[in-house]
Amino acid sequence: MEDLKSRVDELLENQEYDKALELLTENEINGEADIWTNSTTGWILGKLGRREEALEYLRKVEGEEEENPWLCCEIGWNLGALGKSKEALYYLNRAKELGRDDVWINSELGWNMGRLDRNEEAVYYLNRAKELGRDDNWIFEELGWNLGKLEKYKEALECLKKAEEMEENSDAWLYREIGWNLGMLDEFEKALEYLRKAEEMEEPDDWLNSQIGWNLGEQD
């Protein structure tokens, strides 16, 4: 087993996840799987975006060893990525209760809270992640999105504009959000500038067309 761990660790260090997974699968076929191999297999599958499979292995570990922050975080992360935010929050909150309080856990809590329209709580955790040192376009986009839904349009714009400054190439989503918040502040001309940018970048949908039309009407 020590030889297996050494070989897998070396492959993971070189980000050769598929090769590491092959070794672990071979070990499982030979009937030698244990908590470490199941944990590592689950972690690798999550990294490869194979969330359902990752959860199968992590659930095995959940039934075999004492609850711990790492395992709760891994299960929560994969559940959140599958759109199961309510279930994800159960595990993420357990990790928090077990002592984890860093940028990652607060970011995940905030992200999942937002997907459940628990926007005030989302803002709380996202701000906590920011306090702990997160300073990138993602955190400002998430804060802006949640603040906008709370009708705090000015604060939302501050965050979204900050995200725009930090990005080399902003996407249509960000321009939509900035445009929407500007419109809610009656800054119709500026709103249209951003909504038109979004229109140039992607096929307009009903929402974008209605926002452009509404701002044009209000401007007139």
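All of these numbers come straight from a predicted model, not from anything done at the bench.
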Next on the checklist: Is any side-chain heavy atom of Phe140 closer than 4.5 Å to one of Glu164?
Outcome noted: no
Checklist entry - side-chain contact (heavy atoms from CB on, under 4.5 Å) between Leu157 and Glu177: does it pass, once the steps are laid out? => result CA-CA 8 Å; Leu157 271 173; Glu177 286 298 304; over 6 Å; no
Checklist entry - Are any of the side-chain heavy atoms of Asn106 and Glu131 separated by less than 4.5 Å? => result no
Next on the checklist: Less than 6.0 angstrom from the centroid, inside 45 degrees of the normal: does Arg115 satisfy that with respect to the ring of Trp145?
Outcome noted: yes
Checklist entry - Can you tell me how far CG of Asn38 sits from NZ of Lys60, rounded to the nearest 0.5 angstrom? => result 5.0 Å
Next on the checklist: Taking side chain to side chain contact (heavy atoms under 4.5 Å, CB included) as the criterion, tell me which of Glu62, Glu74, Glu67 meets it with Tyr91.
Outcome noted: Glu62
Item to check | side-chain contact (heavy atoms from CB on, under 4.5 Å) between Leu71 and Ser39, worked out | outcome: CA-CA 8 Å; Leu71 183 59; Ser39 297; 5.5 Å; no
Checklist outcome for this item: Correct closest heavy-atom pair for Leu174 and Asp171 would be N-OD1, 3.0 Å
Next on the checklist: How long is the straight-line distance from CG of Leu58 back to CD1 of Ile75, given to the nearest 0.5 Å?
Outcome noted: 5.5 Å
Item to check | Atom OH of Tyr124 with >12 non-hydrogen neighbours under 6.0 angstrom | outcome: no
Next on the checklist: I need the minimum non-hydrogen distance between Ala20 and Leu12, along with the two atoms involved.
Outcome noted: CB-CD2, 3.9 Å
Item to check | Residue pair Asn112 / Ala88: nearest heavy atoms and the distance that separates them | outcome: OD1-CB, 3.8 Å
Checklist entry - Within a radius of less than 6.0 Å around CG of Asp206, do more than 12 heavy atoms belonging to other residues, nucleotides or ligands occur? => result no
Checklist outcome for this item: Output for pair (Gln211 CD, Leu216 CG), nearest 0.5 Å, gives 11.0 Å
Item to check | Within 45° cone and under 6.0 Å: Arg100 NZ/CZ vs Trp70 ring | outcome: no
Checklist entry - What's the spacing between Lys130 NZ and Arg128 CZ if we round to 0.5 Å? => result 12.5 Å
Checklist entry - Taking side chain as C-beta onward, heavy atoms only, is Asn146 less than 4.5 Å from Tyr125? => result no
Checklist entry - Do Leu143 and Leu132 belong to the same hydrophobic cluster, where Ile, Leu, Val, Met, Phe, Trp and Tyr are linked whenever their side-chain heavy atoms lie under 4.5 Å apart, directly or via other members? => result no
Next on the checklist: Closer than 4.0 angstrom, basic N to acidic O: yes or no for Lys149 and Asp117?
Outcome noted: yes
Next on the checklist: Rounded at 0.5 Å granularity, tell me how far CG in Leu11 sits from CG in Leu21.
Outcome noted: 11.0 Å
Next on the checklist: Counting C-beta onward and ignoring hydrogens, is there a side-chain heavy-atom pair between Asn137 and Lys162 closer than 4.5 Å?
Outcome noted: no
Item to check | Close side-chain approach of Asp205 to Asn209, heavy-atom, < 4.5 Å | outcome: no
Checklist entry - Same cluster for Tyr17 and Leu23 if Ile/Leu/Val/Met/Phe/Trp/Tyr side chains link at under 4.5 Å? => result yes
Item to check | Any side-chain heavy-atom pair of Asn181 and Leu147 under 4.5 Å | outcome: no
Checklist entry - Any link between Trp173 and Trp207 through a network of hydrophobic side chains (Ile, Leu, Val, Met, Phe, Trp, Tyr) touching at under 4.5 Å? => result yes
Item to check | Considering all heavy atoms, the nearest Ala191-Asn215 contact | outcome: CB-OD1, 3.4 Å
Checklist entry - Taking everything shown except Glu120 itself, do over 12 heavy atoms lie less than 6.0 Å from its CD? => result no
Checklist entry - What heavy-atom pair brings Ala95 and Pro69 nearest, and what distance separates the two atoms? => result CB-O, 3.8 Å
Item to check | Residue Glu202 excluded, over 12 heavy atoms near CD under 6.0 Å | outcome: yes
Checklist entry - Do Tyr90 and Leu82 belong together in a cluster built from hydrophobic side chains that touch within less than 4.5 Å? => result yes
Sequence neighbours excluded and cut-off under 3.5 Å, please list the side-chain donor-acceptor pairs for residues 41-50, or say none.
unit_1, atom_1, unit_2, atom_2, d
Thr41, OG1, Thr37, O, 2.7
Arg50, NE, Glu53, OE2, 2.9
Arg50, NH2, Glu53, OE1, 2.9

Checklist entry - So Tyr175 and Tyr194, would you call those rings parallel, tilted or perpendicular, with 30° and 60° as cut-offs? => result tilted
Item to check | Check: Asp136 side chain, Ile139 main-chain N or O, donor-acceptor pair, under 3.5 Å | outcome: yes
Item to check | Heavy-atom pair of closest approach, residues Tyr153 and Gly148 | outcome: CE2-O, 3.5 Å
Next on the checklist: For a salt bridge (charged side-chain N to carboxylate O under 4.0 Å, His left out) check, start with the C-alpha distance between Arg196 and Glu199, then their side-chain angles and the critical distance, and finish with the verdict.
Outcome noted: CA-CA 5 Å; Arg196 292 293 193 194; Glu199 185 182 34; 3.1 Å; yes
Next on the checklist: Let me check something: do Trp104 and Met113 share a hydrophobic cluster, defined by ILVMFWY side-chain heavy atoms less than 4.5 Å apart, either directly or through other members?
Outcome noted: yes
Checklist entry - CD/Glu10 to NZ/Lys19 distance, rounded to the nearest 0.5 angstrom? => result 10.5 Å
Checklist entry - Quick one: are Ile178 and Arg176 in side-chain contact, heavy atoms under 4.5 Å? => result no
Checklist entry - Strictly by modelled atom types, are Glu28 and Thr25 linked by a side-chain donor-acceptor pair under 3.5 Å? => result no
Next on the checklist: Just so I know, are the side chains of Cys72 and Leu92 near enough to count as touching, which here means a heavy-atom distance under 4.5 Å?
Outcome noted: no
